[in-house]
Each structure stands twice: as structure tokens, then as C-alpha cells.
There are 2 protein chains.
Amino acid sequence: MEKKQDSLYVSTLARGLQILRAFDESHISLSLAELVARTGLERSAVQRMAHTLHLEGMLDRDEKTRRFRPSHAWLELAYAYYWSDPLIARALPKLIEFSRAMGETVNLAQISGDHILYSLRLPNQRTHFEASIVGRRVPALNTASGRVIMATWPEHEMREACATWPLRQGTPKTLLDRDKILQGIETAREDGYCLTRDQMLLNEISLAVPVIGKDGPAQAAVQVSLSGVSFDEEQVIRKVLPVLLDSAAGILG
Amino acid sequence: MEKKQDSLYVSTLARGLQILRAFDESHISLSLAELVARTGLERSAVQRMAHTLHLEGMLDRDEKTRRFRPSHAWLELAYAYYWSDPLIARALPKLIEFSRAMGETVNLAQISGDHILYSLRLPNQRTHFEASIVGRRVPALNTASGRVIMATWPEHEMREACATWPLRQGTPKTLLDRDKILQGIETAREDGYCLTRDQMLLNEISLAVPVIGKDGPAQAAVQVSLSGVSFDEEQVIRKVLPVLLDSAAGILG
DNA sequence: ATTTTAAGTATCACTATTTGATACTAAGAG
DNA sequence: CTCTTAGTATCAAATAGTGATACTTAAAAT
């Protein structure tokens with residue numbers, strides 16, 4: 001049913017949410033005019049929504065510049081999310097153990113639509129900011145995590161996702177050939193892990209293994225991010241993979 | 001101006017936000033009836049808000065149990081917050097360095113109203129879940145972070161906060177005597193750091209130093225969480241404090 | 001197994017909230 | 001200094017959202 005014909009749909013609330021979604025990594029503070037431009041909403045509607053979000057504590061407002069910015073309430077929502085997702089509490093101790101043992105950045109990635117979303121990050125190296133903070137979404141097909149999760153899915157479901165899900169070029173070396181990506185997923189299916197390099201960040205080796213519970217196809221993976229300058233792939237397989245497999249097995253096993 | 005007399009205030013949006021705020025560490029999934037109870041809103045209003053939040057991707061809905069739960073979108077908001085707060089990008093490399101050097105849990109805490117909010121956490125030890133995830137708010141007066149931040153404020157402002165801000169009993173040993181808390185803040189002012197133990201968690205030593213920029217009074221602190229079983233206070237001061245001071249100094253210096 | 005109660009869903013008449021337009025003010029650009 | 005843009009405040013109109021309620025489904029009690 002079209003939203004506008006859905007009598008339960010509250011368009012005013014939806015507009016308020018549009019304001020929140022206008023902020024991202026490239027829009028860290030926004031004026032009313034910029035919010036109008038980014039949401040397409042009418043100017044007085046934006047004025048009312050922003051004003052209300054500010055009063056309700058969702059947006060901070062700089063009195064001098066009159067620009068809005070996300071408030072601490074956005075992290076409070078993350079806190080509530082963390083409690084609500086049982087995988088988080090199960091994974092965190094395992095990621096901490098891994099981090100202590102290996103001294104490398106380790107993440108929990110989860111399928112989110114046709115992307116993967118990083119829900120936990122334990123950074124160990126100074127790297128790109130976007131690779132150190134939670135909440136980032138990346139096309140699943142472009143990541144070791146996405147591929148290794150999909151490797152656990154039924155053939156039909158995996159092939160359809162492989163054929164239709166979006167791709168994004170992260171580096172000049174990002175693989176965009178769907179046949180080759182499919183091959184990589186099939187290899188991951190055989191190996192039980194997926195290793196990629198230079199896909200989202202140059203000189204990044206990414207190793208992922210699926211988090212498998214009793215109910216079959218994975219929806220999450222644990223993933224290590226390593227410097228391609230400090231490691232080669234053979235070393236990663238020999239030294240890091242066994243520990244990562246152990247970590248993943250301990251989450252839902 | 002009372003909200004209801006504020007012609008720019010959008011009560012429908014505010015109701016939607018009330019639904020979001022109903023989820024917390026004790027309410028990880030909620031039925032419609034529970035949302036009604038927790039928000040005080042009328043049942044059909046809750047039905048419409050929850051329905052719209054679900055369609056807009058803010059809430060997941062279990063088709064079997066018909067319960068709602070926070071979605072990945074809540075972490076996406078955290079991602080946007082992280083980009084918008086310049087302190088995060090400045091602090092993260094320093095916290096990573098500290099974490100690698102000391103192997104202990106280190107956090108970034110920020111003043112948020114009359115509480116402190118943990119905006120970054122680099123866990124190193126397996127500890128209580130709520131002490132390992134971002135977004136938690138704790139009364140500022142009850143924490144080493146809050147006290148050491150307030151120690152940098154003008155006398156009047158610090159004394160007023162000390163007299164009026166809320167307290168919460170975290171352990172049987174939590175200090176609730178405002179005079180003694182004031183003494184602790186004054187000691188922190190002299191020492192340049194604040195050390196507490198057993199305030200929010202038993203057997204936890206908490207050491208905090210303020211993050212001071214060019215514009216005077218601090219709004220943030222870096223804080224280490226250590227086991228009181230493994231360390232005594234003298235060791236913490238001798239071994240950990242110098243590194244922590246160095247980390248804090250490197251953030252805005 | 002049956003009955004009762006509670007929760008969820010769908011619909012409705014009504015009105016108050018929200019809308020988009022616009023006048024006015026303030027700030028920024030030229 | 002003038003013009004343009006952005007922000008603010010107000011308004012009449014209308015429609016979106018309201019709270020009540022009937023109906024359906026699920027859970028709890030007997």
C-alpha cells in the first residue's frame with residue numbers, strides 16, 4: 001500500500017525523521033536553508049521540525065550561527081540499540097579477547113538490507129576515521145564480511161543477492177565484476193572465511209568469518225582489519241585466521 | 001514558553017520521539033500495549049507512531065510476537081553524531097595509543113546536562129556490559145570524569161552544580177555526601193586528576209583527567225577504568241596517570 | 001476445552017494541528 | 001549602501017491526526 005493511502009502512516013513524524021537523516025559524514029552541521037535543500041520539505045515545515053527536534057533534545061543549536069547539529073541523544077539511542085541486540089553482548093567479550101591476543105582492529109558486521117553495518121568496532125591501529133567508528137554501512141558485496149555471510153546462505157538466495165545488490169567503488173582496486181565476486185563467495189563457502197584486500201581502503205587486508213548460530217544462515221561476521229604493509233595474506237591465514245575462527249565460534253556456539 | 005503555546009512546536013513529532021525513548025537497557029523490545037503504558041499516549045496514537053517508525057526503518061517488528069525493537073538505524077545516527085562532534089576525531093587516536101600502551105579500558109566522557117555521557121569506549125577487559133558500550137549517561141557528581149571536568153569550572157558554577165545536580169547510588173560505597181564530593185572536586189582541582197573507587201561498580205578504580213582546550217573550562221575528560229583487584233591507587237597514580245595526562249594533553253593541545 | 005480478558009487492528013467523525021504562503025526582520029554578499 | 005538570502009513569525013485553510021470504538025485475534029483463566 002502506498003504510504004499516502006496508509007491511514008496509519010503519520011507523515012508529520014516521517015518528515016521529522018527526514019530532518020535527522022539529513023546529517024551524515026559530509027553534513028555535520030546544517031542551517032535551516034541547507035535542511036530545506038537536503039530534504040525538499042517546505043521552509044516553514046523545516047523550521048517547525050528543527051525547532052521541535054531541538055526542544056526535544058535531538059538537535060543542538062548554535063545560537064551564533066543558527067546551525068543545527070546532532071546531540072548526545074543520538075548516542076543514547078545507540079546505547080538502547082546495544083541492549084536490544086543480543087548478539088552485541090555475546091560478541092563483545094570475544095572481540096575483546098581477540099583484540100588483546102592479536103593487537104589488531106576487530107569488528108562485528110551485520111547484514112542490514114543489502115549492506116553490511118559495523119555494529120561493534122575495537123580499533124587497535126590508527127586508521128581512517130570512518131573505519132574506526134560504529135554505524136557505517138557499506139554495500140555487502142564489496143566487503144569480506146558481506147561475502148562470508150552470504151556464503152552461508154542457500155544457493156538461490158546468495159545468487160540473487162549477488163546479481164542484484166548494489167556495488168560501490170571504494171578504491172581503484174575495488175572488484176566490481178559480479179562473476180568474480182560470486183567466485184569469491186563460493187571460495188569463501190569452501191574455505192569458511194573470506195579475505196580481501198584494497199577493497200574499501202588501500203593497503204587494507206580484510207579477513208572475515210561468519211557468526212553462525214543454531215539456526216543456519218549467518219546474518220553477522222567478525223572481521224579483522226590489517227595493514228597490507230605489515231602483513232601478507234599467507235601470514236594472515238596462518239596467524240590470524242585460527243584465532244578469529246575461535247572468536248566467532250565462541251559467540252553463538 | 002510552554003510547549004503547547006509554542007506555535008512552532010510539532011506535538012506529533014514529539015510523540016514519535018517519545019516512542020523511541022521508551023526503549024532503554026531494561027526495555028529492549030516492547031509491544032504496543034507496553035508502549036502505551038510507558039509513554040502514556042493513547043493506544044491508536046501509539047499504533048500509528050510505531051507503524052510509521054517501522055515503515056521508516058527506525059524500529060524492527062517481529063511478525064510473530066508483534067514486538068518492536070530498535071533497528072540498525074539507531075547506530076547510523078551514532079555514526080552521524082561521531083562525524084559531527086570534532087572532539088571524537090581528535091580523541092580517538094589518543095585513546096587508541098593509550099589503549100595499546102597500557103592495555104586498559106579507556107573512555108571519553110562528556111558533560112551532557114547534569115550527567116556525563118560516555119561517547120567513546122575502548123574496552124580492554126571483560127567487564128560489565130553497561131561499562132563497555134557507548135551512550136551511557138551517569139550523574140556527573142558520581143563520577144571521576146564529572147568531578148574532574150567540574151574542577152576546571154569557575155568556582156561559582158562548580159559550587160552551584162555541586163549543590164543542585166542529581167546523585168545516584170551505584171554501589172553501597174557510592175559517595176552521596178555533597179560536602180565530601182565538593183572536597184573531592186577541590187582536590188581534583190589541585191591535583192589535575194580525579195581518582196575514585198567503587199562508585200559506579202564495585203572493585204572499579206576510575207581515574208579521569210580533563211580535556212582542556214584553549215577556551216578554558218573543560219566539557220570532556222578521558223577516563224581509565226581499572227580493576228581494584230589488580231591495582232592499588234598508588235600504582236595507578238605512578239604508572240597510569242602520566243600516560244593519561246599525556247593522552248588528554250594531546251587531544252586539544 | 002471453553003470462556004473471559006487483553007492486545008492488536010481497522011475504521012470513523014471531528015477538530016486541532018499542521019500546512020504552505022507570506023510579511024517582516026536580520027544577516028550576509030556584492 | 002544596496003540587494004539578496006536566510007531566518008522568523010503569523011495567518012487562514014484544510015487535512016492529518018486524534019481519541020473513541022467496533023471488531024478480530026491471542027493469551028490467560030477457569
Side-chain angles (χ1 to χ4, degrees), chain A residues 1-23 26-71 84, chain B residues 1-23 26-71 84:
Chain A
M1 175 186 284
E2 194 64 37
K3 280 172 180 173
K4 69 188 178 189
Q5 289 170 333
D6 177 355
S7 63
L8 294 176
Y9 185 73
V10 181
S11 57
T12 303
L13 173 54
R15 286 175 167 180
L17 296 174
Q18 260 182 280
I19 301 291
L20 298 184
R21 290 195 293 258
F23 295 87
S26 307
H27 304 89
I28 63 179
S29 79
L30 291 164
S31 65
L32 279 184
E34 286 166 342
L35 284 167
V36 168
R38 281 185 62 70
T39 61
L41 298 172
E42 215 281 327
R43 186 159 42 111
S44 45
V46 170
Q47 180 189 7
R48 289 190 295 271
M49 301 299 153
H51 174 75
T52 303
L53 288 165
H54 174 57
L55 284 188
E56 292 298 316
M58 292 301 295
L59 291 178
D60 290 336
R61 182 173 186 271
D62 186 309
E63 288 191 22
K64 191 179 304 178
T65 63
R66 298 192 283 194
R67 295 176 74 80
F68 295 91
R69 141 187 323 261
S71 72
S84 80
Chain B
M1 179 185 282
E2 193 63 38
K3 280 173 180 173
K4 68 189 178 188
Q5 289 169 332
D6 178 353
S7 63
L8 293 176
Y9 186 74
V10 182
S11 56
T12 303
L13 173 55
R15 286 173 167 180
L17 297 175
Q18 259 183 280
I19 300 293
L20 298 184
R21 291 195 291 259
F23 295 88
S26 308
H27 303 90
I28 62 178
S29 81
L30 291 164
S31 65
L32 277 184
E34 287 165 342
L35 283 167
V36 169
R38 283 186 59 69
T39 61
L41 297 172
E42 215 280 327
R43 185 159 45 112
S44 45
V46 171
Q47 181 189 5
R48 288 189 295 270
M49 300 299 153
H51 175 77
T52 304
L53 289 166
H54 173 58
L55 284 187
E56 292 297 316
M58 293 300 293
L59 292 177
D60 289 336
R61 182 172 186 270
D62 186 311
E63 288 191 20
K64 191 181 305 178
T65 63
R66 298 193 284 198
R67 297 177 73 80
F68 295 90
R69 134 186 333 257
S71 73
S84 80

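Throughout, protein chains are lettered first and strands after them, A, B, ... in sequence-line order, and every chain is numbered starting at 1.
The NE2-C1' distance, from H51(B) to dA16(D), rounds to 14 Å in whole Å. If you take CZ of R66(A) and C1' of dT5(D), they are 11 Å apart, rounded to a whole angstrom. In this structure, D6(B) places its CG atom 12 Å from P of dT8(D), rounding to the nearest Å. When rounded to the nearest whole Å, the span between CZ of F68(A) and P of dA6(D) equals 15 Å. Put simply, CG on L53(B) is 15 Å from C1' on dG17(D), counting in whole angstrom units. Across the protein-nucleic acid pair, Y9(B) atom OH and dA16(C) atom C1' stand 15 Å apart, rounded to whole Å. Following rounding to the nearest Å, E63(A) (CD) and dA6(D) (P) show an atom-to-atom distance of 21 Å.
Across the interface with DNA chain D, nearest-nucleotide mapping of S44(A) and V10(A) shows S44(A) to be the residue nearer the 5′ end. Nearest-nucleotide positions on DNA chain D place Q47(A) closer to the 5' end than the other of L13(A) and Q47(A).
Among the heavy atoms of the strands lying under 4.0 Å from R15(A) are primed sugar atoms or P, OP1, OP2 only; no base atom is included.
Two residues are said to be in side-chain contact when any heavy atoms from C-beta on lie closer than 4.5 Å; H54(B) and D60(B) fail this criterion. Side-chain contact between Y9(A) and L55(B) is present, with heavy atoms from C-beta onward closer than 4.5 Å. A heavy-atom distance below 4.5 Å is found between the side chains of L59(A) and F23(A). When side chains are defined from C-beta on, T52(A) does not count as touching M49(A), because their heavy atoms never get closer than 4.5 Å. Between I19(A) and L41(A), the closest side-chain pair of non-hydrogen atoms falls below 4.5 Å.
Below the 3.5 angstrom threshold, one finds no donor paired with an acceptor across the side chain of T12(B) and the base of dG17(D).
Between R48(B) and dT9(C), a side-chain N or O to OP1/OP2 separation shorter than 4.0 Å is absent. Of the side-chain N and O atoms in S11(B), one or more sit less than 4.0 angstrom from OP1 or OP2 of dT18(C). Put simply, R61(B) has no side-chain N or O that comes within less than 4.0 Å of OP1 or OP2 on dG8(C).
Distance check, rounded to the nearest 0.5 Å: CG of L32(A) to NE2 of H51(A) gives 11.0 Å.
The closest donor-acceptor contact from the side chain of S84(A) to the backbone of R69(B) lies at 3.5 Å or more, if one exists at all.
Residues from residues 30-43 of chain A placing a heavy atom under 4.0 Å of any atom in DNA chain D, listed by number, are S31(A), L32(A), A33(A), R43(A).
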